[in-house]
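Contents: one structure, followed by commentary.
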Protein chains: 2
Amino acid sequence: MRQPRDLNATSAAVLGLLHRIDSATAGELAREAEEQISPFWGITRSQIFRELPVLAQRGLVGSGRRGARGSVPYSLTPTGRQAFGEWLTGPPFPQQPRNELLLRVGFGRYINGEELTSLLDKHRAAHAERLAQYESALEQMRAQGLEPYRIVTCEYGVRYERMVLAWIDDLPSLLVPA
Amino acid sequence: MRQPRDLNATSAAVLGLLHRIDSATAGELAREAEEQISPFWGITRSQIFRELPVLAQRGLVGSGRRGARGSVPYSLTPTGRQAFGEWLTGPPFPQQPRNELLLRVGFGRYINGEELTSLLDKHRAAHAERLAQYESALEQMRAQGLEPYRIVTCEYGVRYERMVLAWIDDLPSLLVPA
DNA sequence: TGGTACATGTAACATGTTACATGATTAG
DNA sequence: CTAATCATGTAACATGTTACATGTACCA
């Protein structure tokens, strides 16, 4: 019997997904998560399967009776709704930075110019591809008149990828001390 | 006896830190990590303590005899140096995105305007503070003529924080559909 | 010399990832 | 009807975080 520690972001995300759905099974939530929040908060199916019973224990979600294929439907309780609201408006949680590109570039002194160029090219290509995805998604979302809160996260993605690309492109000149 | 699976970024970072030091204990490496790479790749002391024996098992580092306070010094082996080089020039590893600000904003429909404003204010303040830190660090590094690879990661930080601040500032207008 | 602060190292826990076992659905 | 495929759920593992036990140095 676990007690009302604070929510972590992953649990909160699950509650948030349940917000717009009356009742959903783990599998359905996993699909929702993939579609709606995977670009900025990755969650695996396994996490959702593990987390839901815990949230139920804490009274944040209620579980219904097993349905097709033994899947259990969960729904948000008033307590869960409140906990989600508190998380949403709560203080920013300082998260550990994890940027593999910077980690590598920071060790740039240990490779030669060609290797560095090749490294940057590969990362540049990955970022360029993601930028293209964000841009086309953004266009689609706007055309469909999707809700603005979804659109602005996509806009963030576009700006982020552009920033990274510009930084990569500027690196040669930034690396030669004036 | 564990076999030569690929390096993950955290192990690679440890090897990278050993690159410029002949031999170091876990504690010393932790201090180095904090100073050199914590802004873009957080590692805890505990991880380093746990990882070093594993790396030794795999032959990537060698361990010396226990010194003061029972601390063990480790040094990079030729194998370790090679593994690090391969990681450094290897393919970009797709990492799970984790952006709590976007996660919250994506759920923005569930809070009212005031709460959203307050939420954004708090995050804005945190980012503004980090921007200031990056800017002053950058100035210092340039003045000291620090190695360019360190400087450009700091430059990235400045650009990143500016991008986020601009996005936050643009949100009000982005959120009202034209 | 007592005790406070600090450093090393460990262990317990929380979270994230991968691989698998099982049963249902569907294509041929 | 049988095979392949797919979805649910579990379990093992990898990684990251927090709290603690122990010993050492420093200082009053």
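Just so we're on the same page: letters track the sequence lines, and every chain starts at 1.
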task: Please figure out whether B/R31 or A/T10 has its closest DNA chain C nucleotide nearer the 5' end.
output: B/R31
field: Counter-base of C/dA11, judged by Watson-Crick or G-U geometry with both distances under 3.5 Å
entry: D/dT18
Would you tabulate the nitrogen or oxygen pairs shorter than 3.5 Å linking the protein to nucleotides 17-26 of chain D?
from   : atom 1 : to    : atom 2 : distance (Å)
D/dT18 : O4     : B/S46 : OG     : 2.4

- prompt: Think B/N8 has a side-chain N or O under 4.0 angstrom from the OP1 or OP2 of D/dA14?
  reply: no
- request: Please state how far atom CD1 in B/I48 lies from atom P in C/dT10, giving the value in whole angstrom units.
  value: 14 Å
task: Mind checking side-chain contact (heavy atoms from CB on, under 4.5 Å) for A/D22 and listing every partner two or more places apart, or none if nothing turns up?
output: none
message: Could you tell me how far apart A/F49 (CZ) and D/dT8 (P) are, to the nearest whole angstrom?
response: 6 Å
query: Would A/I168 and A/F107 show up in the same hydrophobic cluster when neighbours are defined by side-chain heavy atoms closer than 4.5 Å?
result: yes
- request: Starting from B/L165, walk the hydrophobic network (Ile, Leu, Val, Met, Phe, Trp, Tyr; side-chain heavy atoms closer than 4.5 Å) and list everyone else you reach, by chain and number.
  value: B/L131, B/Y134, B/L138, B/M141, B/L146, B/I151, B/V158
message: I need the CD-P distance between B/Q95 and D/dT15, as an integer number of Å.
response: 14 Å
message: Can you list everything that forms a ring pair (Phe, Tyr, Trp, His ring centres under 6.0 Å) with A/Y156? Sequence neighbours excluded, please.
response: B/W167
Pairing partner of C/dT26 (Watson-Crick or G-U wobble, both distances under 3.5 Å): none
statement: Residue pairs passing the salt bridge (charged side-chain N to carboxylate O under 4.0 Å, His left out) test with at least one member in residues 83-101 of chain B, sequence neighbours excluded, are B/E100-B/R104
field: Value in whole Å for how far the P atom of D/dG9 lies from CD of A/E51
entry: 16 Å
- request: Output all residues satisfying ring pair (Phe, Tyr, Trp, His ring centres under 6.0 Å) with B/Y74, sequence neighbours left out; order by chain, then residue number.
  value: none
field: d(CG, A/L52; C1', D/dT8) in whole Å
entry: 13 Å
